[in-house]
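Numbers restart at 1 for each chain; the letters A, B, ... are given by sequence-line order, proteins then strands. Not measured: the values here are computed from a predicted model. FYI, side chains are in, hydrogens and waters are out, and symmetry mates aren't considered; it's all heavy atoms of this structure.
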Amino acid sequence: VGVQSQGDQTAQSGGESSTAGGSGESAGTAKAWYALPDTELPARKSAIKQFNQNSAHTVEGADISDMQKKTTSAIPAGQGPQTFEWAHDLAGDYMERGFIVDQGDKLNVSLDEFTDAAAEAAQYDGNVVGLPHTAETVALLYNKELVDEAPQTVADMKAVMEEHHDPSNNKYGLGMPFADPYFLSAWAHAFGGYYFDHTKEEQLGVAKPETVKGVQFAVDNFVPYMPNDPTYEPQASAFAEGNAAFAINGPWYLSTLNEKGVDYGIAKLPKPEGGDPSPFTGITLWYFSKKMGEGGPSAAAARAFAEWYVTNEELLLKNAEETGNIPVLKSLAESGDLPENVQGFAEAVQQGYPMPAHPKMNKVWDPVKAALTKGFNGKDVPKAMETAAEEIRGNWE
Amino acid sequence: MSLFDGVGRKVKEDARDVVSAPLEVARDAAYTVEGVRNGEISPAEPLKTAGATLGALVGVLLLLFPIYWILIAALSGTGGSIYSSSGLKLFPESPSLVPFLWVVGDLIIPAYSISLNIPSSDIAIVFNTPQVVFLDVSALKPGTIGRIAFGSAELFPGFGVQPIENPSTFKKFFWNSLTVAIPTVIISLCLVVPAAYALSRREFIFRRKILFVYVLMTQVGSGLGIALLIGLYTVYVQFGINDNKLALAVYYAATAVPFNTWLLKTYMDGIPVSYEEAAVVDGAPPWRVVTEVIIPLSAAGLATVFIFTFLTGWTEFVVAQTLLGTENYTLPVGLFSLISEYSIPWARFSAFALTFAAPIMLVYLFAQRYIEGGLSFSGMEG
Amino acid sequence: MSTASRVARRVEEVPFLDKSDVSLLFVLPGLFVFSAFMLFPVLYLLGISFTNAAPANLFAGEGALSVLTFGEAAFVGLENYARVLFGGTFDLVLFGETLLTLPINGQFWNSFGVTWLFVATSVTLKITLSLAIALVVTGERVRGKRFMRSFIILPMGLPAIFTITVWRGIFSSAEFGLANQVLAMLGLETVSWLSNRWMAFVAYNVTEAWLAYPFMVIITVSALQDVPDELHEAAMVDGAGYVARFFHVTLPSIKKPVLFASILTAAASFQQFLIPFVFNEGGPARQNELIVVYGYREALSFSQYGRGAAISLIAVVFIGAFMWLNVKRGRLADGVNEA
Amino acid sequence: MATVTLDNLRKEFDNGRIVAVDGVSLDVEDGEFVTVVGPSGCGKSTTLRMLAGLESPTSGTIEIDGEDVTDVHARRRDVAMVFQNYALYPHKTVRQNMAFGLRMSTDLSKAEREERVRETAEMMDIEELLNDRPNELSGGQKQRVALGRAIVREPNVFLFDEPLSNLDAKLRTTMRTEIQRLQNELDITAIYVTHDQEEAMTMGDRIAILNDGVLQQTGAPTEVYRNPRNEFVGGFVGSPSMNFVDVAVEGDGGRVALTNDDGFAYELTGEAARAASGTGVTEARLGVLPENVTVAEDEDGLRATVEVVEPVGSDNYLHLDLGPDFIARVDSHVEPSNGDTIRVTFDQRDVTLFDAESGESLLWEEPTERKKAAA
Amino acid sequence: MATVTLDNLRKEFDNGRIVAVDGVSLDVEDGEFVTVVGPSGCGKSTTLRMLAGLESPTSGTIEIDGEDVTDVHARRRDVAMVFQNYALYPHKTVRQNMAFGLRMSTDLSKAEREERVRETAEMMDIEELLNDRPNELSGGQKQRVALGRAIVREPNVFLFDEPLSNLDAKLRTTMRTEIQRLQNELDITAIYVTHDQEEAMTMGDRIAILNDGVLQQTGAPTEVYRNPRNEFVGGFVGSPSMNFVDVAVEGDGGRVALTNDDGFAYELTGEAARAASGTGVTEARLGVLPENVTVAEDEDGLRATVEVVEPVGSDNYLHLDLGPDFIARVDSHVEPSNGDTIRVTFDQRDVTLFDAESGESLLWEEPTERKKAAA
Ligand SMILES: Nc1ncnc2c1ncn2[C@@H]1O[C@H](COP(=O)(O)OP(=O)(O)OP(=O)(O)O)[C@@H](O)[C@H]1O
Ligand SMILES: Nc1ncnc2c1ncn2[C@@H]1O[C@H](COP(=O)(O)OP(=O)(O)OP(=O)(O)O)[C@@H](O)[C@H]1O
Ligand SMILES: [Mg+2]
Ligand SMILES: [Mg+2]
């Protein structure tokens with residue numbers, strides 16, 4: 001007795017036929033991990049399908065719910081994927097822990113094909129640890145129904161916020177996840193400050209006057225116009241429901257906005273007086289995980305996939321349109337015919353400052369976050385930043 | 001088997017009760033009204049009852065408000081959020097079933113071809129079963145669900161629905177959860193029942209010590225889950241059994257052993273010894289005593305253990321997330337994979353969670369009297 | 001059937017099966033599996049706590065045997081414990097002035113203190129809440145009790161992490177956070193819930209109570225149903241009103257099961273992880289870091305498995321002692337047979 | 001002490017699907033001890049509980065000492081109740097159990113309460129138990145404490161719901177005497193529910209028989225026993241109870257023949273015959289008490305075969321084949337063997353006739369003393 | 001059917017701290033119905049459970065049908081037991097309950113089992129209940145099913161542990177007759193434990209009285225009643241039981257005066273006097289059965305004050321002040337008022353004398369019939 005699902009038949013036969021026409025290499029199977037919102041999942045799945053159909057190799061994609069935790073536990077245990085997708089800032093830490101490996105000498109793609117920032121982000125300590133495909137950063141979003149034109153300076157923006165801010169009627173000036181150092185980085189950097197820079201003599205910049213000034217500036221100019229909760233969700237909700245004039249947020253936010261039906265515009269961040277906003281940018285990489293170090297067909301498969309993915313203009317462009325991700329492939333990034341959505345973010349990227357990938361950065365985030373929370377709640381900013389700096393130094397020991 | 005017989009009968013009775021509950025209420029009301037009209041029942045009585053019921057209802061509603069809050073988000077047609085920056089709204093705006101439909105996805109039994117090969121001949125008989133479509137979410141039309149209209153009077157426009165192209169993988173997670181929870185239940189029952197019986201009825205060396213350790217570990221053990229995660233993970237990985245649903249089930253069953261053994265033991269303490277003795281005198285060998293008498297009589301206790309162990313497998317998140325790979329995600333992990341770094345799709349997230357919790361409530365509605373009876377503390381008096 | 005029963009009968013004839021200590025065999029499988037999954041990891045954790053284990057060295061080495069050697073982690077003796085208990089300083093601050101600086105690990109002892117405080121407050125809240133709910137849904141005059149009871153246990157069917165995420169939303173400090181909206185409707189000031197230490201603590205308690213009440217209510221309800229009606233009636237005839245009956249009949253009768261549930265739930269509170277972690281990671285500024293969160297953070301965020309293990313074990317020792325005391329005093333391990 | 005009046009009391013359960021008590025009216029005089037008896041489920045407990053205020057009647061009124069208490073809450077009625085399973089508070093000592101009612105319903109100071117409890121405990125001979133908890137007591141001791149708890153409050157009315165049914169036979173007899181002694185001593189108004197008609201017969205000044213929620217008969221125990229109003233009462237009261245034989249009634253005013261197909265034949269004459277024939281009933285049931293059946297020495301009387309001889313100490317019960325469970329209670333020296341044929345007879349004054357259909361007695365008249373009392 | 005022999009059976013609990021049964025020896029003949037009676041905790045149940053194999057004796061042997069079964073497991077002994085609470089399996093129907101024993105202990109086919117169950121059910125008149133579950137049955141029906149379950153297996157020996165104690169008085173009488181009928185019909189060997197001496201008296205061919213784990217006396221019920229071997233038996237058997245009066249024994253062989261300080265005086269003569277004085281006991285207790293106390297019409301006899309007159313249907317109990325609980329059972333037409341002084345007397349043949357210290361009867365001799373039987 002045999003039972004067979006009729007629908008499956010075609011899929012199976014289709015899958016097998018593709019193995020026939022491959023290159024000289026033996027065909028391998030690689031696991032690729034990613035963590036995507038489910039709006040972006042279908043596109044990813046079809047991309048993988050496309051790859052599998054056109055290549056001798058097979059890639060098995062998996063959407064992971066908590067990437068950092070999963071990779072931290074799975075990779076050292078030999079259970080991890082060949083490649084996984086994440087922002088470049090993990091590179092230092094993971095490299096030191098031996099979670100990712102250098103594949104520079106085996107690549108068929110030159111890093112020159114990418115924007116400088118992206119090429120730099122793909123390397124750590126001279127090792128090529130992954131291939132970059134998109135950049136992301138935060139930009140200014142404005143509600144077109146409330147705001148006619150994107151403000152150029154913070155002072156302009158403040159005037160508009162003043163006009164719209166009215167919490168008792170559920171109206172706000174701005175929605176920005178204040179307590180997140182990433183979102184606040186533009187302002188912390190605006191007057192020459194920095195959180196951490198391992199190239200500088202004083203690596204920790206958290207308590208430096210320039211940084212404190214930037215944070216203080218944000219506290220003074222933005223906090224009064226924001227909902228009272230500095231975390232992501234409520235801040236995002238205010239703008240997404242049309243209740244805030246501005247938002248400072250990244251491309252991942254666009255799907256929410258589209259779903260809610262807000263009419264928004266994207267622009268680069270406004271200038272503060274005497275400074276320049278400079279947000280952290282993140283470059284998303286297909287990392288080369290420890291497993292690839294073992295070589296063999298599966299590593300080849302992963303490499304082939306990453307190479308295919310990051311150089312596939314059609315795919316990247318489609319991605320850009322659908323999700324607002326900024327391509328880092330030079331041919332696209334510099335072509336100028338990016339979709340309007342992406343344009344705003346692309347400009348913001350120009351303002352940006354790549355996140356440090358040094359492992360020490362790991363221990364910076366949480367204390368700064370605590371300090372920002374304090375600042376948001378009206379505590380003394382310099383003192384909070386000083387405390388954070390102390391804690392970071394303590395943790396570094 | 002008479003145990004299942006009995007449970008089946010009770011469930012049937014309960015179902016009847018549940019269905020006839022409104023009738024009974026109506027009857028009750030009619031009787032009361034009649035009584036009041038005849039002056040036999042003082043009008044204060046029904047008022048007191050109504051007041052008490054209303055009060056209780058308000059209390060319950062307040063308590064469950066967070067759930068309602070989630071439900072509103074889940075019924076939202078615009079992605080929903082539990083952060084409503086537009087102020088408190090008690091009803092969903094532009095209500096939509098899309099999130100739920102998205103969760104449930106297609107309910108289609110695919111067509112199968114069943115072939116019967118007749119031995120030592122080339123003839124095969126092939127049956128083609130028809131495809132059965134209960135719900136095809138990719139073919140929904142607006143205004144088809146929940147619309148209420150009387151003639152030309154449009155009372156409710158219906159839930160907004162659009163065709164859904166990429167429904168969730170709820171069914172896969174559901175299946176995974178089932179295949180974790182059911183082995184959990186089976187394994188733990190296998191471990192718990194004999195132990196509970198022995199602890200309740202037999203006298204043996206270390207008996208009190210074991211009982212003591214079990215009560216002690218009831219909570220220490222379960223809470224250690226997180227603290228032990230590292231150790232557990234290492235061990236599992238070294239033996240290569242992480243990402244294995246059965247291994248996970250064994251772990252859950254192990255954590256469930258102390259509490260449930262103790263619980264069932266307490267319940268069995270309340271079963272009169274004379275039933276067993278009657279069976280022994282009737283000539284039943286010990287294993288028949290257990291299968292024919294003890295187990296059926298412990299039905300309520302078993303139901304309680306069943307529910308508790310099932311819930312362990314059904315709702316546990318942390319360990320499952322650490323150990324399982326994507327293919328084997330259980331419902332809670334699947335639920336959490338909906339969240340990405342920055343955004344939570346509240347409508348779908350909530351609809352998913354509610355769909356996931358609903359069966360538990362239903363099961364509890366029917367198993368209630370077992371569970372309440374099963375938590376017998378007759379052994380705890382004094 | 002006949003073969004099976006013949007075999008079974010044969011087994012019955014084995015003489016030693018009649019020996020009473022053989023019943024231990026029934027208990028052993030459960031005990032073994034439980035130990036394998038609980039005691040072995042505990043021992044493993046104990047081992048790790050004496051090393052400088054970190055992800056980098058713990059997983060080094062090949063084969064199952066390296067499990068037992070903790071990879072390439074080095075033995076560091078009691079250093080982890082010393083650091084956990086006495087590393088750093090602790091300022092005793094009263095009325096804004098530092099009275100005393102103790103040579104102990106302030107972070108750990110703060111976390112330790114907050115944890116016990118949380119146990120005390122949350123257990124009190126849970127008992128009161130559950131008792132109230134249980135009384136309501138068993139109330140004589142209340143109709144539809146069964147349905148109410150089955151709705152009320154809903155929180156038990158949702159994974160805790162989901163529920164907690166939702167409650168984090170409820171306790172948003174934003175003006176439109178649900179809790180704040182309720183306050184506003186009542187004409188009260190809004191509160192910065194999670195960024196204020198004690199408000200966050202209140203939020204933990206409320207959430208913990210909401211998570212735990214179904215279990216407590218189930219136990220309390222079944223205990224309430226075991227209270228003989230005659231006792232109430234006797235008290236009524238004796239002239240006792242509702243309140244007197246509650247204190248003289250109801251409460252003493254359900255004391256034991258409720259006590260039992262409370263002990264269990266106290267242990268659960270002690271080990272609460274998700275609420276502080278999801279809400280604000282034990283914040284603000286690690287002020288409300290319950291002990292398990294503390295251990296977790298040391299272990300995972302700072303990649304100090306050894307120290308994390310030491311913290312976990314210290315926590316386990318305390319909760320174990322707490323349970324031991326209660327179980328002994330409440331005589332929970334006693335059954336009818338010993339009565 | 002007080003009088004108690006139940007007027008047309010009715011209680012429905014399950015929205016009228018079950019009628020537990022149906023139009024019961026009863027007057028209890030001051031200091032009277034009334035036993036209520038009836039088969040299981042006849043509504044005894046329900047009646048008592050309505051009296052205590054634990055159930056509220058569907059209709060009808062309850063008066064205690066002339067005051068309508070139908071809508072008064074249990075805890076304001078000043079009645080005491082002794083429960084079947086004693087319902088002692090398990091977590092309180094005997095002293096606390098006894099003092100609880102005083103604490104709740106009186107304003108006595110602690111010392112006064114102590115004093116009262118001590119006095120009562122002395123009376124009940126449970127002084128040494130005052131510091132024990134109920135689970136340390138034996139059945140009889142529990143019973144005493146339960147009684148003491150009721151007595152100490154000096155209530156208007158005592159209610160007992162099968163207080164002795166959990167005790168063993170020996171203890172039951174002892175406690176029965178004890179309750180009677182107390183009742184004599186304290187002269188309390190008491191209503192005592194039992195399903196044991198022996199208890200009902202020996203304890204009550206008056207006995208009330210319930211069946212299916214309906215009051216069948218009230219009266220002094222011996223009177224009810226000798227002169228049952230209907231077949232149910234006849235069959236229920238006494239141990240062994242009345243013997244019944246189905247008979248056909250034939251004859252005119254002067255002489256009525258009672259016969260059946262099994263060869264039973266008896267003749268009524270005079271007053272009784274007139275009464276019996278006057279009703280026009282043709283199918284009847286003859287009732288005669290076991291002790292009124294005597295073994296005839298001569299050839300007169302009915303032939304009967306002895307099925308079993310059951311010795312009960314001073315007497316022998318002869319199970320005869322005259323009808324189902326037909327018993328003659330004879331002196332213990334009358335010892336026929338099983339299977340012997342004997343002749344039995346009974347006096348016409350001792351015969352009761354019941355309508356075979358309605359079960360009502362055909363010969364019953366209201367006893368004169370009761371008539372007066374009821375008026 | 002079978003004989004049962006208990007030889008010097010002893011059972012200790014708690015490592016010898018409790019001696020529940022102490023050297024009990026008893027022979028039960030084939031087809032005999034022996035009732036075992038005694039106060040609570042005297043070891044009745046323990047004895048029965050040892051017989052059933054549910055407890056193993058500390059020492060002594062048990063034989064069934066001449067075969068030593070002391071170490072045989074309960075399920076191989078082929079005895080049936082009826083439990084106090086019936087122990088009907090609540091999850092099985094009546095049919096399944098009855099068939100269970102057959103399934104377990106015989107190799108009968110399903111059809112044969114069905115047949116046996118049906119036959120037995122017919123005999124017990126519970127055919128219509130076969131598909132019901134125990135909780136749908138009334139007390140009497142449960143009792144019948146429990147009996148049926150025992151009977152259907154046709155075991156060698158029937159054991160009953162207070163099977164009627166959960167029933168009400170009326171039903172108890174009915175079921176008592178039923179068990180007797182079955183015993184007569186099936187001629188089974190049965191051991192019947194009860195604490196109700198009335199049951200023990202009426203049901204048993206022989207009665208065995210236990211106290212504190214020690215067998216006090218066995219014998220035919222009336223004989224034990226009339227001729228108790230010691231004070232315990234006299235006080236335990238019969239309802240009401242023997243009256244006791246503490247007396248001083250004075251006198252020589254021919255004439256013995258029994259007196260006490262309360263003015264009691266009685267004289268023994270002849271054989272009894274000789275026996276009494278022969279033992280040299282000076283402090284004794286006089287025992288006389290209530291029915292042997294008669295009210296003297298003349299001025300002879302003892303003066304006694306009537307405390308309470310208790311009517312019990314055919315008789316009246318007169319509670320007299322001659323001793324604690326001194327009762328005379330008299331005809332119901334003898335109706336003195338409370339407080340009357342009457343004169344009572346009793347025959348010297350009806351008097352028993354017990355040693356005040358040991359409680360042993362001074363006048364007892366082994367009845368000749370039993371002597372033979374025991375040999
Ligand atoms: N709370 C109740 N709900 C429904 N029916 C009830 C309730 N209480 C009593 N009944 C019914 O009312 C009838 C009388 O019950 P009641 O308890 O008064 O009987 P009883 O004479 O005391 O019997 P018993 O001798 O068994 O105690 C019974 O049919 C019983 O089933
Ligand atoms: N399993 C046991 N462990 C310890 N003591 C026991 C046990 N079973 C019985 N006993 C003790 O043995 C004695 C005799 O008990 P048994 O049950 O035989 O009395 P009984 O005559 O049946 O009394 P009852 O009439 O109350 O049923 C009692 O003192 C009892 O406490
Ligand atoms: Mg009753
Ligand atoms: Mg017994």
Worksheet item: Can a donor-acceptor pair be found between the side chains of S269(C) and S122(C) at a distance below 3.5 Å?
Response: yes

Okay, L88(D) and chain C: the region with an atom under 4.5 Å from a heavy atom over there is backbone

Residue set satisfying side-chain hydrogen bond (donor to acceptor under 3.5 Å, both in side chains) with Y213(C), at least two apart, ordered chain then number -> none

May I ask you to check whether K126(C) and S262(C) show a side-chain donor-acceptor distance below 3.5 Å? no

Item to complete: Indicate yes or no for a side-chain donor-acceptor contact from T121(C) to the backbone of L117(C) under 3.5 Å, with no hydrogens or angles considered.
Response: yes

Go through chain C and chain D and list any donor-acceptor pairs closer than 3.5 Å, backbone and side chains both.
unit_1	atom_1	unit_2	atom_2	d
E233(C)	OE1	R49(D)	NH1	2.6
E233(C)	OE2	R49(D)	NH1	2.7
E233(C)	OE2	R49(D)	NH2	2.6
A235(C)	N	Y89(D)	OH	3.2
V237(C)	O	R153(D)	NH1	3.0
V237(C)	O	R153(D)	NH2	3.3
D238(C)	OD1	R153(D)	NH1	3.2
D238(C)	OD2	Y89(D)	OH	3.0
H248(C)	O	H91(D)	NE2	2.6
H248(C)	ND1	K92(D)	NZ	2.6
H248(C)	NE2	R103(D)	NH2	3.3

Next on the checklist: Tell me if the centroids of the rings in F33(D) and F158(D) come within less than 6.0 Å of each other.
Outcome noted: no

Looking only at the aromatic ring of each residue, does the gap between the centers of W198(C) and Y204(C) stay below 6.0 angstrom?
no

